[in-house]
There are 4 protein chains.
Amino acid sequence: MARSPNTEARRAEITQALLTVIARHGYEKATIQSIASQAGLAPGLIHYHFKNKQEILLSLIDMLAEVARSRFTRICDAAAAPGLRLDAYLEARLGRGEGAAPDAVAAWVMISAEAVRQEEVRAVYSQVIAQELAMVTELVVAALREQQRDTRGARTLAAGVLALMEGAFGLSSATTAVMPAGYAAKAAKDFAHMAIAAAPPARHAGR
Amino acid sequence: MARSPNTEARRAEITQALLTVIARHGYEKATIQSIASQAGLAPGLIHYHFKNKQEILLSLIDMLAEVARSRFTRICDAAAAPGLRLDAYLEARLGRGEGAAPDAVAAWVMISAEAVRQEEVRAVYSQVIAQELAMVTELVVAALREQQRDTRGARTLAAGVLALMEGAFGLSSATTAVMPAGYAAKAAKDFAHMAIAAAPPARHAGR
Amino acid sequence: MARSPNTEARRAEITQALLTVIARHGYEKATIQSIASQAGLAPGLIHYHFKNKQEILLSLIDMLAEVARSRFTRICDAAAAPGLRLDAYLEARLGRGEGAAPDAVAAWVMISAEAVRQEEVRAVYSQVIAQELAMVTELVVAALREQQRDTRGARTLAAGVLALMEGAFGLSSATTAVMPAGYAAKAAKDFAHMAIAAAPPARHAGR
Amino acid sequence: MARSPNTEARRAEITQALLTVIARHGYEKATIQSIASQAGLAPGLIHYHFKNKQEILLSLIDMLAEVARSRFTRICDAAAAPGLRLDAYLEARLGRGEGAAPDAVAAWVMISAEAVRQEEVRAVYSQVIAQELAMVTELVVAALREQQRDTRGARTLAAGVLALMEGAFGLSSATTAVMPAGYAAKAAKDFAHMAIAAAPPARHAGR
DNA sequence: AATGAATGAGTGTTCATTCAT
DNA sequence: GATGAATGAACACTCATTCAT
């Protein structure tokens, strides 16, 4: 019953291949053939490791969620002061031309379009967005606490920052030569800093 | 004797039908059959009025760009004070649950995914985004002028606001029960107001 | 009931348009649309003047047969000596680069392919070939009589010459830069002259 | 473990099926369905072995060219005296009612019509005709040498003989009960013999 | 006569999925 | 595990023909 050793590796290869193909051609045009040849495998093998194409997509969403989690952990571990973590996070996601990993960004945009269409994808996608929102909220809360500010607006602020990030991803993949260089990281950081500075002071601990 | 042409009306009907279908099923799954039956027409007639499916998509993008332009004109004509126009614009686009026209919003998200895949769509999509950026920039500039602030940061600020808007559209179509209610309009307005308030004073006319 | 004046003219225009289109695209790809636009007419008008597409093809074959007849008559009237008529005929059909009217030649090749497929076309095509064979035979007989040779081999010889002509038409339309320049007229004339010279003397009239 | 490839065999089967279908219905009407059912295969399988329909046609032309080559080789090997080879060749191609293989002949006529329409087919078709011309020329040269005649007119003569052959193919497929029985083989042989006999004597070896 | 929109069957091609080897 | 052939449904698109005007 236990999966033989290379199965997990094969699944990861196939999932990674889908990321590459979906970034260029979208999900519908990401044929089993093209995924297989991107992964260097025979077409028939794909359906040995995955029940169907949809399952590869769900696996890819999982993979990207896992990447997001480890990035968050890395940033939390690295940056000493809590107030710097938010900046570090935004820089990591939006700095250097809005996406140092264009394939992953484009794949993510394609996935969000699939989430509009498909109930099942939307459910999983929503969980990843919820996770991302929780992470940004945590960073915002930490920054507010450091400034001894009220944290009740943190989630709404985080939601705005997240929307800005997602929008920047979409625009970087779907447009050419339209958006000003480096606008996204700057806008996200400015927005966060100003909102934190404008937040009311924290209530007393005794409350 | 001769039949009078009705092509323009038919093209508009078909384009509108694509909007409805693409919002629910995406571009690839928006079959000619489904577009035709949504429009109440025979399938073969679609290709009498449009060279191919792609051309309907480009027509839809045109239509949405035209809608954006007329909305902008309406807002500029209505709101007396320049400083109120930006708020009116953001409210119109993001207020009332992020999208009073969910089909148009979802269709727009699907179109941006197609823009990632297809050169030709990307070119047209980029022009519409450029138009939108120009409109937001104009509103931001007006607000800055009203406050006698320097306008040099207007375009970058507008880009951030636009990204936030586009991201909010995507998230509203692709997620369920994740984002806080009403966050988008509030975040966009807060961001704009704070940034305008933080802008340096305008330089003297004498330059 | 009598056809109104311009109907015959319209039918001729449409038939001529088919000749042009069929030469470039073949019969199957000669769409009613393309025939109509070649003739400068509305598509719906075609089926007013012809029952269906096939009827236009039959009309075209008729037209080409008529052209062949009038060419034959012209040559018979013009060349004084009977022996020169055959040469004049071969020169008219094969001289100057195997076909001074490439469209008509190509259309004829397309028609012969349709004759392979369709019983009805084959019947009409066969009649035109029979007419052509009769004309060549008549020219050969005249040449043999002039040389006082037996005419019994005339029909077989004419058939060979006709096959050579038809083959040359096909090769001139279907190949590029393969056949030697001017070979066809030379070969046909040589063949005819040698065969006539080699024919046995005519039997006595009394027989 | 792995399945052994059978693509070459399948391609040959499909190509052969096209020959049969094209002979009766022409290229346009030779639908993928009809080719598949003639070959006893599922329709989808055709496009697994061939990129598109056109590629099957090109494969068929290749096959017919290969048949022509092997026929030529066989004749050259069999007939002892060089002078007999040309007769053997013409008899093989034109004897017994102009085509012992009527399907191949009809298919060839259809292919030549496609060559008129399509650049790519014309290029390949031209090469096959060039090959055929080279073969006939070689046979004519051998016959001229045997009679110690000048060989300079060989290519032009061969072109005439080839045109006669091609014309006879077309007429045999496209007409019924028009051409005299057995005319083609007789005409081609007579033409060749008379032209060879009429050729000037060979120049001296010393040139 | 003339127009041009409308119809619907048919075509080549794609592709997820299955399966024998 | 792995291969690559096989299946069949679905798609965009074409087109002769019809018909209301």
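So that the names make sense, note that chain A is the first sequence line, chain B the second, and so on, each numbered from 1.
The CH2 atom of A:Trp108 sits 6.5 Å away from atom CD1 of A:Ile61, with the distance rounded to the nearest 0.5 Å. A distance of 5.0 Å separates CG in B:Leu18 from CG in B:Leu60, rounded to the nearest 0.5 Å.
The partner of F:dA12 is E:dT11, judged by Watson-Crick or G-U wobble contacts that both fall below 3.5 Å. Nucleotide E:dT3 has F:dA20 as its partner under the Watson-Crick or G-U criteria, with both atom distances under 3.5 Å.
Residues C:Ser37 and C:Ser34 have side chains that never bring a donor and an acceptor to within less than 3.5 angstrom of each other.
If you measure from atom NZ of D:Lys53 to atom C1' of E:dT14, you get 17 Å, rounded to the nearest angstrom. With rounding to whole Å, B:Ile46 atom CD1 is found 15 Å from F:dT14 atom C1'. Atom CZ in A:Phe50 sits roughly 15 Å away from atom C1' in F:dG1 (whole-Å rounding). The distance between atom CG of A:Leu57 and atom P of E:dA16, rounded to the nearest whole Å, is 13 Å. The distance between atom CZ of A:Arg11 and atom C1' of F:dG1, rounded to the nearest whole Å, is 15 Å.
A distance-only check finds a donor-acceptor pair linking the side chain of A:Glu55 to the backbone of A:Lys51 [under 3.5 Å].
Summary of the strand contacts: C:His47 and D:His49 both lie near DNA chain F, and taking for each the nucleotide with the nearest heavy atom, the more 5' one is attributed to D:His49. Nearer to the 5' terminus of DNA chain E, by closest-nucleotide assignment, is the contact made by D:Gln54 (compared with the other of A:Lys51 and D:Gln54).
When the side-chain nitrogen and oxygen atoms of D:Arg10 are compared with OP1 and OP2 of F:dG4, none of them lie within a distance under 4.0 Å. Within the 4.0 Å cut-off from OP1 or OP2 of F:dG4, not a single side-chain nitrogen or oxygen of D:Thr7 is found. For the OP1/OP2 pair of F:dT21 and a distance below 4.0 Å, the side-chain nitrogens and oxygens of B:Ser4 include no atom meeting the criterion. At the phosphate of E:dT14, neither OP1 nor OP2 sits under 4.0 Å from any side-chain N or O atom of D:Asn52.
Sorted by residue number, the members of residues 25-42 of chain D with any non-hydrogen atom under 4.0 Å from DNA chain E read D:Ala30, D:Thr31, D:Ile32.
Which of F:dA16, E:dG12, E:dA5 sits closest to the side chain of B:Tyr48 comes down to E:dA5. You'll find that the side chain of A:Leu45 is closest to F:dT3, out of F:dT3, F:dA16, F:dA6.
Of the candidates D:Ile14, D:Leu19, D:Val21, D:Gln38 forms a side-chain contact (heavy atoms from CB on, under 4.5 Å) with just one, namely D:Val21.
Looking at B:Lys29 and A:Glu114, no side-chain N of the basic residue comes within less than 4.0 Å of a carboxylate O on the acidic one, giving no salt bridge. A salt bridge links B:Glu28 and B:Arg117; the closest N-O separation between the charged side-chain nitrogens and carboxylate oxygens is under 4.0 Å.
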